[in-house]
Amino acid sequence: MCPPPASIWPLHAVAPGQRGDPAATAAAYEELPADQVRVSWTRPPETLATRDNLAGWVGAAGDAAGAAAMFDQLLADRLRVLGPAHPTTRGTLASLAYRLDQAATDPS
């Protein structure tokens, strides 16, 4: 089965999170980056944005350490593709710092 168009899929994936279920949204986003690359229906910046959304939803679902690991990998790719001065690269760095701080202060 072919994935839905890029303009529709993220809306479908985000809906559970907007209804208070970030874990369901993270699960829905899980396969999208690989699908985007596999079927080539998006350019690298959109794939990077999808990975950013996935990491954000993983963090919102309570897995700060997992989100930090995702943001760390994403930061390396954004530095390579977009460069250090790009606004989304800097945003990824800020998200990484936030999730690392959150993971370090998480009592569990």
Side-chain angles (χ1 to χ4, degrees):
M1 183 166 104
C2 187
S7 60
I8 296 172
W9 207 102
L11 298 175
H12 165 75
V14 170
Q18 291 176 336
R19 290 191 306 267
D21 191 357
T25 295
Y29 261 97
E30 194 79 29
E31 296 179 21
L32 184 57
D35 287 346
Q36 287 176 318
V37 171
R38 182 177 51 80
V39 298
S40 299
W41 50 273
T42 189
R43 298 181 313 272
E46 284 84 5
T47 303
L48 296 174
T50 299
R51 290 172 53 204
D52 186 275
N53 290 332
L54 171 59
W57 284 111
V58 166
D63 185 1
M70 291 176 167
F71 280 123
D72 187 47
Q73 293 172 353
L74 178 59
L75 179 61
D77 290 339
R78 281 203 160 141
L79 285 167
R80 180 179 48 79
V81 173
L82 302 173
H86 196 278
T88 57
T89 302
R90 291 193 305 256
T92 300
L93 181 60
S95 295
L96 172 60
Y98 174 75
R99 293 303 179 185
L100 285 172
D101 181 62
Q102 191 178 34
T105 59
D106 185 12
S108 56

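Residue indices begin at 1 and follow the sequence shown. Note that the structure is a prediction, hence the values are computed from the model and not measured.
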Arg99 to Ala67 - nearest heavy-atom pair and separation:
CG-CB, 3.9 Å
Minimum heavy-atom distance between Ala103 and Ala65, given as atom pair plus value
CB-N, 3.9 Å
[atom1] of [X] to [atom2] of [Y]: how many Å apart, nearest 0.5 Å?
| X | Y | atom1 | atom2 | answer |
| --- | --- | --- | --- | --- |
| Arg51 | Thr92 | CZ | OG1 | 9.5 Å |
| Leu100 | Thr105 | CG | OG1 | 10.5 Å |
| Met70 | Asp52 | CE | CG | 11.5 Å |
| Leu75 | Gln73 | CG | CD | 11.0 Å |

With no hydrogens and no angle check, is any side-chain donor or acceptor of Thr89 less than 3.5 Å from a backbone partner on Ala85?
no
Side-chain contact test, heavy atoms from C-beta onward, threshold under 4.5 Å: evaluate it for [X] versus [Y] and give yes or no.
| X | Y | answer |
| --- | --- | --- |
| Thr50 | Leu54 | no |
| Phe71 | Leu93 | no |
| His86 | Val81 | no |
| Thr88 | Leu48 | no |

